Structure formats: structure tokens, C-alpha cells
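Worth saying up front: this structure is predicted, and the values here are computed from it rather than measured. Here is the naming used below: chain letters follow the sequence lines, and residue numbers restart at 1 for every chain.
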Amino acid sequence: MKATLEEIVLSVLNTARVEGVIKSEAMPPIIIDRPKREEHGDFSTNVAMLMASSEGRKPRDIAEDILSHLGAHEMIEKCEVAGPGFINFFLKESFWHKRLAYIIKAASEFGRVEAGKGKKVQVEFVSANPTGPLHIGHGRGAAVGASLSAILTAAGFDVTREYYINDIGSQMDTLGRSLYHRYNELLGDGIEFPENHYQGDYMKDIARDFITKHGEKYRDASVEDLPKVFTMFARSTILSGIKEDLKDFNVDFDVWTSEASIVERGLVEETIEALRGKGVIYEKDGALWFRTTDFGDDKDRVLIKADGKRTYFASDVAYHMEKLRRGFDKVIDIWGADHHGYQGRIRALFKAFGEDDKRLDIIFIQLVSLLRNGEPVSMSTRGGEFVTLKEVVDEVGKDACRFTFMMRRSDAQLDFDLELVKIQAPENPVYYVQYCHARIMSILTLAKEKGFELSDNADESIVERLKESDEIKLIKKLAAFEEVVEKSAIEMEPHRIAFYLQELAAIFHSFYGRNRVVLDDDKDLTFARMGLSKAVSVVIKNGLAMLGVSAPDKM
RNA sequence: GCGCCUGUAGCUCAGUGGACAGAGCAUCGGCCUCCGAAGCCGAGGGUCGGAGGUUCGACUCCUCUCAGGCGCACCA
């Protein structure tokens, strides 16, 4: 739609210039907008205002000249000059009827756009350390990552959803020791549980499972010479719990990459050598450094510590190097906002290899403050006392939880009060949208019982009885869905879908309040309104699917 | 001290450099003999944190400033 109008305006401008009505050499960008107010038309352009200075004339006069060169067009009802110099376009009803027929026909495919044109994108998200269950903050990242991935897919991108597992290094040693201590504790050795270890009750459960499997076999092992079996057992138990929780949250991954495998494959050494070749590696105080300051970082970063051990950064650099090699056109990392200080050094890697670091997008998920009755709940994994994602999902429901996370931009902080969400659950916006879908399903079922059945290959003749402003308004909103998907994908802002769906539901509910769909004495209008309702249900279903939320037929 | 994020209605939040800044909740007043009232219709409620600047035009861009949050490791 916008593209067509753009072409029309452009050709008019060219004609006007040939005729000498317009003098400027440089053509301003033709921007077609959707005005906020209905009386300003379906679309508008500010092109005349942009040309005012170069033309040295009043914007309204230029707009009038453009209009006078605009001939009749099959989709345009009328155009007018308005306000300071806008040109507003009003499209014909027949155009909207065609759009509606298209939506009904496209059904589950409606909302797929071509913005991505087969470009390969990787979205890495959650990537929580396997040292404990996921908490609510991880849940937000999971919801954003999963929804964004679905939206990018709809927008034509070839998406790989990936989880990076930090399963090596000091925190894994701590994890193993934590299990060791719980194990010995359960076997009756009165050792005091050390500080700075993972104290959560989940470690006791894992220790019990460990005893079930291994008995007292490792009772005589020493902490210093900690058998690897402790670490491996804890890692795999926790990781499978994480996978289960994500699945229950409707979050799937295509690839799970283990940090240990990156290290074992020698990618860290390889990457360091590659960087050395770029002349950005040096030694100081017995450690090996990456001169990230060459690329705008605050300070240089250590890759290999003086004690010979890798830093976490070293394997992360190798991992991102691997991402580059895998040929993604775009790499999207979704991180907790507390990691924002980390982005300079990762971007440094991209820049060191002459990669446009625009290929890397980092989305920061701001803090979720979990509250219960207004009181903050600790979310420290080591502190032991925390509410897991699973507990929250069990309490408020998967759909409400997923949708709630989409109710604000990722870069805004979020208070999540469990008691409040629980109380408000029935009034949560998600139910408003789902209710709209259920209501339409109910209407269509009733219509069917009365003998009205909508044909699958309806053309616009079926919907041309739709003339009411309520009806046209609804069609226009439906037609905008593709633009919303595209915008949401390109801006990487999944919340746009959630807000759109609420607006769509509101317009339908309002339409419903004023009009009957099933009219025993007017078969044609009944079919037309059934088609309209069907289209609304389709868009709601498609949109909710992108958010990982179900569209129930009954509630 | 430096850096990142956020300040919009009583509360929680949307808002593409455009035309009179919008929702939900809360408050108040209406609407079920009629397709689902988890709904609809209406009302009140704003110095877009503040001050400069750019622009024909700024909630939006720039500078400064105030407030809240989060980071500034040879931790992960």
C-alpha cells in the first residue's frame, strides 16, 4: 500500500518537474505515513513541506501543484491538502474490501512479510549458567528472545535460536563442590556448608538424586581432589531442569552450544592466534591481553590470566568468532542489562576483524524486580531464597506471564508483584485479547448452527456489504498487521505486537457492541460480517502465536 | 568520577521529526428478555522531570541539568 502510494507520488513529482512546476534538482525522500486521526485520511505525506525551503514557496502551494498533477487512481477515493501542507489520501472502500478478502484467504499465512528476504539471523538468549533454576529475570529474556525469533521468522528471516551454556570454569567447580558438600551433609558428615556456594534447596534435591544413583561411593573423596562426577551430575540435572522449564514456557531452541565444547575444539587458541595476527594481543604482568581500547573499549581486557587460566571473556570471544564464521547476516545477543558494560569488548572483536559491528545487535533486558506483597524477593542464585520461573508460571499461568513480559519495552524496568499479578490475572490484557478470539469462535459456531457457513475461497464480493465506519475501521486495522510485524522485526521490538493486538481486540469488541454478526433476515450481510470476524480471529491467532500465547476457542 | 537504561494522566505503561499526546487499571455515571458482560458506551484527569539549542514543526534529535536503576575484575 505504502509502496504503491510512494510510486504514485514520485511519478507525479517527476511529471511536475518536467513541466517546470517544480524546480529543485534534489528530490526529498517520499515518506508515506499513517495519520493518527481518521479525518486526516488513510495515508499522508509531508513531501510538500520538505520541499518548501528548496522550492522557496509555501508548502500548501506546492501540495496543491502536486495534487493538480495527480490523476484518478483505482484505489484512491480522494486526496486533499491539509494543515501546514500535508497531502492526505483517502482510499476507496473497494480497496479495503479486497484487502479483507486477501486476509481471509491468506489465513494463517497472513502476517508473513518479506523484510528479511532469507537473511540469516542468530538470536542468542537466556544462556543462563547451569548452576541453578531459571528465575523471573531469565523468564523475561526467554519471552523476549522467543517472541522476537518468531517475529523475525514471520518477517522472512532465517532464524537460529541459540542457548550458550557456560559449563566450564570456576563457577562449575563451585557447583561441583556445592553438590559434594550437600552429599556429605546428607550422609551425616557434620561439615559446615561453606559460604559463597550454591545454597538453594535444589542442591539438596540433586544431592538426594546423587545418592540414589551413586550411593556412598564417593564418601571418601576429598574436596581438593573433587571427582568430576559431582560437577557433571549437577550440570546435567540442572540443565535438563532448565530445558523443561523453558519448554513449559513455550520457549524452544534450535542449537545449544556448550562453552566446554568451544574450549575443547581449540577455538580459544585459534581465536587468540587470529587476534595476534591482527596485532592486538600483548603480554603484561604475566597475563595475555586483547587491546580492545583500539576499538573504543574503556580498557584492555585479559584473555589468559597470570595463572595460565582462560578468562570467561576468552571463550566468549571464541564463541562470537564462531558466530561470525557461521555466516549469520545478523547476530542478536539478548543480555541482562547488568551486562551492558560488557558490550564494548565483544564489539571490539567484530571491529578487530573489520566486521561492521552493526552485524551485532545487543538487546538489553532491564531488571525485573520480583515482589511479593510489595516486598522485594531476593533473586540471588547462591543466596538460596528465590522464586523460580517455574513457580511464577505455575502461579500466574504461561499465557499471562508471556504476555505480561510483552507489555513493556525490554529497556524499561519492570516490577513483577506476584500477589498483584495473581489478583489481577483475570483482568490481564492477555485475557482481553484471548476473549476476543473465543468470542468470535463462538459467534461463528452459532452461525454455522443456523446454516451459515463461510466458504474458504471467498472473494471480495462476499464482504462488499461492509460499509459501516466500524467495519471499515476494523479492516484498516487488520490490514496494518503486516506493517506492524515488519516494524517489530526491524526495530527488534516484540512488544509492538502485543499492543497492536489489544488495539485490534478493542476495535472488534466495540464493533460487536454496536452490530450483530448473525442476522437471520440478511444472509449477505451475515456472510460479510462473518468474514470480517473470521479475519480478526485469524490475525489475533497469528499475533498471539508470535508471542507464544494460545488463542483458545473457549475460555 | 566514567558509562548504559528510564523519567509521559492518581498508578502501570504506549507513542514513526508532523496535525488536538494515547491505552489499561483506579474513580464516577450508564448498558444483559437480544451472537460470550473476561464485554460495551460516556465523564473527569497532562507544564511529556527541568533549562537551553537545531527545525517550517520536537514527547521524539543535540547539549547541559535533576531524579531513580544498573554497571565500571587477571568473577562468571
Side-chain angles (χ1 to χ4, degrees), chain A residues 31 33-37 39-40 44-46 49-50 52-53 58-59 82-86 88 129 131 166 168-172 174 259 284-289 298-299 301-316 336-344 362 364-367 369 404 407-415 417 420 424-436 438-447 449-450 483 487 491 495-496 498-500 502-503 505-506 508-520 526 529-530 533 554-555:
Chain A
I31 296 162
D33 274 321
R34 269 177 190 274
K36 282 181 202 149
R37 309 180 64 83
E39 59 267 34
H40 293 146
S44 75
T45 181
N46 60 354
M49 284 138 83
L50 296 177
S53 62
K58 290 180 186 166
F86 290 104
N88 295 337
N129 292 353
T131 53
N166 299 124
I168 194 168
S170 62
Q171 93 278 9
M172 293 309 288
T174 305
E259 181 182 358
K284 193 182 102 185
D285 304 332
L288 199 67
W289 297 69
D298 301 338
K299 53 189 84 166
R301 308 292 173 177
V302 170
L303 292 170
I304 306 292
K305 295 184 261 183
D307 64 5
K309 288 183 178 162
R310 288 176 319 277
T311 58
Y312 167 84
F313 177 54
S315 38
D316 214 15
D338 53 342
H339 287 72
H340 71 255
Y342 199 77
Q343 74 168 315
I362 304 175
F364 292 100
I365 306 288
Q366 282 292 333
L367 194 74
S369 306
T404 298
M407 288 305 296
R408 49 184 46 63
R409 301 199 320 273
S410 332
D411 51 10
Q413 284 167 236
L414 163 62
D415 282 343
D417 192 313
L420 211 61
Q424 289 185 341
E427 293 133 19
N428 190 304
V430 68
Y431 296 102
Y432 182 80
V433 176
Q434 287 181 319
Y435 179 71
C436 186
R439 186 179 233 182
I440 291 170
M441 287 302 118
S442 167
I443 294 167
L444 294 178
T445 303
L446 177 102
E449 283 166 11
K450 291 196 172 189
E483 283 166 39
K487 185 84 178 170
E491 300 292 326
H495 73 277
R496 289 171 180 275
F499 282 90
Y500 166 82
Q502 285 181 90
E503 290 160 11
F508 182 82
H509 283 312
S510 174
F511 158 79
Y512 174 87
R514 272 193 271 262
N515 306 279
R516 282 189 66 87
V517 173
V518 182
L519 301 155
D520 296 329
T526 298
R529 287 182 174 166
M530 282 172 71
S533 305
K554 283 182 185 159
M555 293 172 68

Task: Comparing E503(A) and Y435(A) on RNA chain B - which has the more 5′ nearest nucleotide - done: E503(A)
- [ ] Would you classify C20(B) as syn or anti? Syn applies when the glycosidic angle is within 90° of 0.
- [x] syn
Task: Side-chain N or O of Y342(A) closer than 4.0 Å to phosphate OP1/OP2 of G3(B) - done: no
Open item on the list: Could you work out, with salt bridge (Lys or Arg N to Asp or Glu O under 4.0 Å) as the rule, every residue matching E483(A), not counting sequence neighbours?
Closed with: K2(A), R34(A)
- [ ] With syn defined as a glycosidic angle within 90° of 0 and anti as everything else, classify C32(B).
- [x] syn
Task: 5' priority, RNA chain B, between I440(A) and P59(A) [closest heavy atom] - done: I440(A)
- [ ] State whether the aromatic ring of Y512(A) stacks on the base of G39(B), taking stacking to mean ring centres under 5.5 Å apart and ring planes under 30° to each other.
- [x] no
- [ ] Indicate whether OP1 or OP2 belonging to A76(B) is found under 4.0 Å from a side-chain N or O atom of T131(A).
- [x] no
Task: Sugar-phosphate, base or nothing in reach of D316(A), heavy atoms under 4.0 Å - done: nothing
Open item on the list: Let's test this: given Watson-Crick or G-U wobble pairing with both distances under 3.5 Å, identify the partner of G17(B).
Closed with: none
Open item on the list: I'd like to know if N46(A) reaches the base of G18(B) with its side chain, counting only an N/O donor and acceptor under 3.5 Å.
Closed with: yes
Task: Side-chain N or O of R496(A) closer than 4.0 Å to phosphate OP1/OP2 of U16(B) - done: yes
TODO: List the steps, then state whether side-chain contact (heavy atoms from CB on, under 4.5 Å) holds for S442(A) with K554(A).
DONE: CA-CA 8 Å; S442(A) 167; K554(A) 283 182 185 159; over 6 Å; no
Task: Any donor-acceptor pair under 3.5 Å from T311(A) side chain to I304(A) backbone - done: no
Open item on the list: Taking only side-chain N and O atoms of R408(A), does any of them lie within less than 4.0 angstrom of OP1 or OP2 on A14(B)?
Closed with: no
TODO: Check whether any side-chain N or O of H339(A) sits under 4.0 Å from OP1 or OP2 of A76(B), and answer yes or no.
DONE: no
Open item on the list: Measuring from atom OH of Y435(A) to atom NE2 of H509(A), what distance do you get when rounded to the nearest 0.5 angstrom?
Closed with: 7.0 Å
- [ ] Remember a base hit wins even if backbone is also touched, and classify A447(A) as base, sugar-phosphate or nothing at under 4.0 Å, heavy atoms.
- [x] nothing
Open item on the list: For a quick check of understanding: with a heavy-atom distance under 4.0 Å over all strands, which category does E39(A) fall into, base, sugar-phosphate or nothing?
Closed with: base
TODO: Would you indicate, yes or no, if G15(B) has its OP1 or OP2 atom less than 4.0 angstrom from a side-chain nitrogen or oxygen of R409(A)?
DONE: yes
TODO: Could you check whether Y432(A) gets within reach of a base, just the sugar-phosphate, or nothing at all, counting any heavy atom under 4.0 Å?
DONE: sugar-phosphate
Task: Touch class at under 4.0 angstrom, heavy-atom based, for T311(A) against every strand present - done: sugar-phosphate
Open item on the list: Using a 4.0 Å heavy-atom cut-off, does H509(A) contact any base of the nucleic acid, only the sugar-phosphate backbone, or nothing at all?
Closed with: sugar-phosphate
- [ ] Pick base, sugar-phosphate or nothing for N88(A), based on heavy-atom distances below 4.0 Å to the nucleic acid.
- [x] base
- [ ] Could you check whether A52(A) gets within reach of a base, just the sugar-phosphate, or nothing at all, counting any heavy atom under 4.0 Å?
- [x] nothing
- [ ] Could you verify whether a donor N or O on one side chain and an acceptor N or O on the other, from T45(A) and D33(A), lie under 3.5 Å apart?
- [x] no
TODO: Classify the side-chain pair D411(A)/Q366(A) by whether it contains a donor and acceptor separated by less than 3.5 Å.
DONE: no
TODO: Keeping the roles fixed (side chain from T526(A), backbone from L519(A)), state whether a donor-acceptor pair exists under 3.5 Å.
DONE: yes
Open item on the list: Is the phosphate of G18(B) approached by K36(A) (side-chain N or O, under 4.0 Å from OP1 or OP2)?
Closed with: no
- [ ] Name the nucleic acid region contacted by D298(A), choosing base, sugar-phosphate or nothing; use a 4.0 angstrom heavy-atom cut-off, strictly under.
- [x] nothing
Open item on the list: Considering every strand and a 4.0 Å limit on heavy-atom distances, what is the contact class for A506(A): base, sugar-phosphate, or nothing?
Closed with: nothing
Open item on the list: If the cut-off is 4.0 Å, is R37(A) near the phosphate of G18(B), judged by side-chain N/O to OP1 or OP2?
Closed with: no
TODO: May I ask you to say what T445(A) touches in the nucleic acid, namely base, sugar-phosphate or nothing, with a heavy-atom cut-off under 4.0 Å?
DONE: nothing
Open item on the list: Over all strands shown, is K309(A) touching base, sugar-phosphate only, or nothing at heavy-atom distances under 4.0 angstrom?
Closed with: nothing
